[in-house]
There are 2 protein chains.
Amino acid sequence: MPREKKPQNPPVKDKKGSKTSKSLIKRLPVYLRILDNLIRRDVDIISSRVLSDETGFTAEQIRKDLATFGAFGTRGTGYNTSYLREKLLKITGLDKQIRIVVVGSGHLGKALTRYNILKNPYVEIAGIFDANPDELDNEILGIKVQPMEDLPLLIKEQGIKVSMITVPAEVAQEVVDLLVENGITAILNFAPTKLRAPANVHIHNADLTIELQSLIYYSLEREKE
Amino acid sequence: MPREKKPQNPPVKDKKGSKTSKSLIKRLPVYLRILDNLIRRDVDIISSRVLSDETGFTAEQIRKDLATFGAFGTRGTGYNTSYLREKLLKITGLDKQIRIVVVGSGHLGKALTRYNILKNPYVEIAGIFDANPDELDNEILGIKVQPMEDLPLLIKEQGIKVSMITVPAEVAQEVVDLLVENGITAILNFAPTKLRAPANVHIHNADLTIELQSLIYYSLEREKE
DNA sequence: CAGTGTGTGTTAAAATATTAACAAGTTTGT
DNA sequence: ACAAACTTGTTAATATTTTAACACACACTG
């Protein structure tokens, strides 16, 4: 029988109609973080070369990345940090405050919630949820753990689109189903399992064991060449 | 002046001399996890097609990945789960128990340590360290937080090569320097900052704010086409 | 107000990675 | 023992991503 069409990477297009790759999109928040730092240090202008030093990406790649969305720099001078930051905020969607929900208030869920509250200026934790009744009275920096029953209403009332899940692998799929049902379109998954969702829902896997395990490959050898 | 040679991606070679990509290496632990599950369920033979269902990678890619390191399957049949697992363990270096050290025992450090103790069968936490004296008596699943002074000796005595760091960005570089000085060759960095290290030291960045921020890009639009 | 230096944006080339196609083995059934 | 049904491993084609090269624009200097 004929194989079904490959959906694979849903190509994302910029204004000009060319394709915008996943790897590019992942670099944008890095630029943003560097720009925040520079602006804090009152640096007004920055060249791709210096951005390269700060980010570890090549200057060529940085210029190419930025040029994908428009001509934000000044030839002979560089990029205006505040102007570039604003443009990048718009492109990434981080210009508006984004509210997200966390599902799973185990140790990892708590730590990640706290981490984002403290360190992620672009994201606001709208709620944290857990199925375990014992968790219900716990607070993470003032945010109370809520029962799963309250999740649908909160998502819908606040029009939340993004969620982070740190639940056991065994229940991850049903949590995803629930989230999708209620309008979530992007999920950051920390459970070490493959999740299924409709094509219009984006799932990023942040499996920390895999991160560490693949690193070990590089720790071994390399009696070079 | 002439630009220096691009070191960029240090190409890793397999036995046959062809290049082994970073993306491939990151898929290996995924295969390994699936195989562990299959073996637990007493599945002896698995086809690339079924592996595709379980992992989300295409069957073609899986066959290609595995063929990079040798011919582990049987035509007409599939792959023997236990045999393939053994081979992959050898390739990734996870056949021997790997000991790692964690630096930074804040909330995230504690959660990640706990997580790996419980969920990562291939890695053993040899120690967790923190500069803050207040942390010193804390225990994470029986592992006591130790002062930074004890770090060099432990690394050297046990020949540890891999470390995970969850310290504030401000001190991350000096921690890296210390680790490298004492023989660490691979670092998983959770601090939101670019770190410098000699070319033979591998640093993987696991910046969780970036993960979440780049996801937001995908949560917005996509009035398709 | 030319001339020079600097750094972007763009286009072309090279390197990587993914997808597809298919030949070559294996097993199973008859 | 042969044919049919499968599924791998390999080679070729395609697509994507990265790197390089350079023309073009601006700023500064004298």
Side-chain angles (χ1 to χ4, degrees), chain A residues 1-28 31 43-53 55-81 83-84 87, chain B residues 1-28 31 43-53 55-81 83-84 87:
Chain A
M1 87 201 65
R3 191 165 313 170
E4 66 199 307
K5 272 303 196 61
K6 70 204 131 128
Q8 212 58 352
N9 284 5
V12 171
K13 308 203 174 167
D14 65 27
K15 296 152 204 169
K16 302 210 203 64
S18 66
K19 290 194 225 92
T20 305
S21 76
K22 258 185 191 167
S23 25
L24 195 178
I25 299 300
K26 270 218 178 167
R27 287 192 291 269
L28 298 182
Y31 300 142
V43 178
D44 288 334
I45 301 288
I46 189 81
S47 71
S48 60
R49 180 63 62 89
V50 178
L51 270 176
S52 169
D53 288 343
T55 59
F57 309 136
T58 66
E60 293 82 358
Q61 181 160 64
I62 292 169
R63 289 203 302 276
K64 192 135 209 293
D65 282 354
L66 299 180
T68 306
F69 302 100
F72 302 145
T74 308
R75 296 183 182 203
T77 308
Y79 301 91
N80 178 296
T81 50
Y83 179 71
L84 181 56
K87 289 296 187 184
Chain B
M1 86 201 67
R3 192 166 312 170
E4 65 197 311
K5 272 301 198 60
K6 72 205 130 125
Q8 213 54 356
N9 284 3
V12 172
K13 309 203 173 169
D14 65 26
K15 296 153 204 167
K16 304 209 202 65
S18 67
K19 291 194 227 92
T20 304
S21 77
K22 257 185 191 166
S23 26
L24 195 179
I25 298 300
K26 271 220 178 166
R27 287 193 290 269
L28 297 182
Y31 300 142
V43 177
D44 288 335
I45 301 289
I46 189 80
S47 71
S48 60
R49 179 66 61 88
V50 178
L51 270 177
S52 169
D53 288 343
T55 59
F57 309 137
T58 66
E60 293 81 359
Q61 180 159 64
I62 292 169
R63 289 204 301 277
K64 192 137 207 297
D65 282 354
L66 300 180
T68 305
F69 302 101
F72 303 146
T74 309
R75 297 184 182 202
T77 307
Y79 301 91
N80 178 297
T81 50
Y83 179 72
L84 181 57
K87 288 297 187 183

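Throughout, a chain's letter reflects where its sequence line sits, starting with A, and its residues are numbered from 1. Any value given below was found using the heavy atoms of this structure, including those in side chains, with hydrogens, waters and symmetry copies removed.
Between the CZ atom of B:Arg49 and the P atom of C:dA20 there is a distance of 12 Å, rounded to whole Å. In this entry the distance linking CZ of A:Phe69 with P of C:dT8 reads 18 Å, nearest Å. Between A:Gln61 atom CD and D:dT18 atom C1' the separation is 6 Å, expressed in whole Å. Distance, B:Lys26 NZ to C:dA17 P: 13 Å, rounded to whole Å. In this entry the distance linking CD of A:Glu60 with C1' of C:dA13 reads 14 Å, nearest Å. At whole-Å resolution of the value, CZ in A:Arg63 and P in D:dT18 are 15 Å apart. The nearest whole Å value for the distance from the CG atom in A:Leu51 to the C1' atom in C:dT8 is 12 Å. In this structure, the NZ atom of A:Lys22 is 15 Å from the C1' atom of D:dA15, given to the nearest Å.
With values rounded to the nearest 0.5 angstrom, B:Leu51 atom CG is found 11.5 Å from B:Thr58 atom OG1. Here A:Ser48 contributes atom OG and A:Gln61 contributes atom CD; the two are 11.5 Å apart, rounded to the nearest 0.5 Å. Atom CD1 of A:Ile46 and atom OH of A:Tyr79 lie 11.0 Å apart (nearest 0.5 Å).
The side-chain heavy atoms of B:Phe69 and B:Lys87, taken from C-beta on, include no pair separated by under 4.5 Å. Proximity of B:Asn80 to B:Ile45: side-chain heavy atoms (C-beta onward) are separated by under 4.5 Å at one or more points. Counting heavy atoms from C-beta on, the side chains of B:Lys22 and B:Ile25 never come closer than 4.5 Å. Side-chain contact between B:Asp65 and B:Tyr31 is present, with at least one heavy-atom pair separated by less than 4.5 Å.
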Under 4.0 Å protein heavy-atom contact, by nucleotide of nucleotides 25-30 of chain C - B base, S sugar-phosphate only: BBS---

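Residue B:Lys64 has its side chain nearest to D:dT11 when only C:dC22, D:dT11, D:dA21 are considered. Of all nucleotides listed (D:dT17, C:dT8, D:dT8), D:dT17 comes nearest to the side chain of A:Ser21.
For B:Arg27, a side-chain nitrogen or oxygen approaches OP1 or OP2 of C:dT18 to under 4.0 Å. Contact annotation: A:Tyr79 does not reach the phosphate of D:dC26 (side-chain N/O to OP1 or OP2, under 4.0 Å).
Checking B:Gly73 against A:Ser23, the closest nucleotide of DNA chain D that is more toward the 5' end is the one next to B:Gly73.
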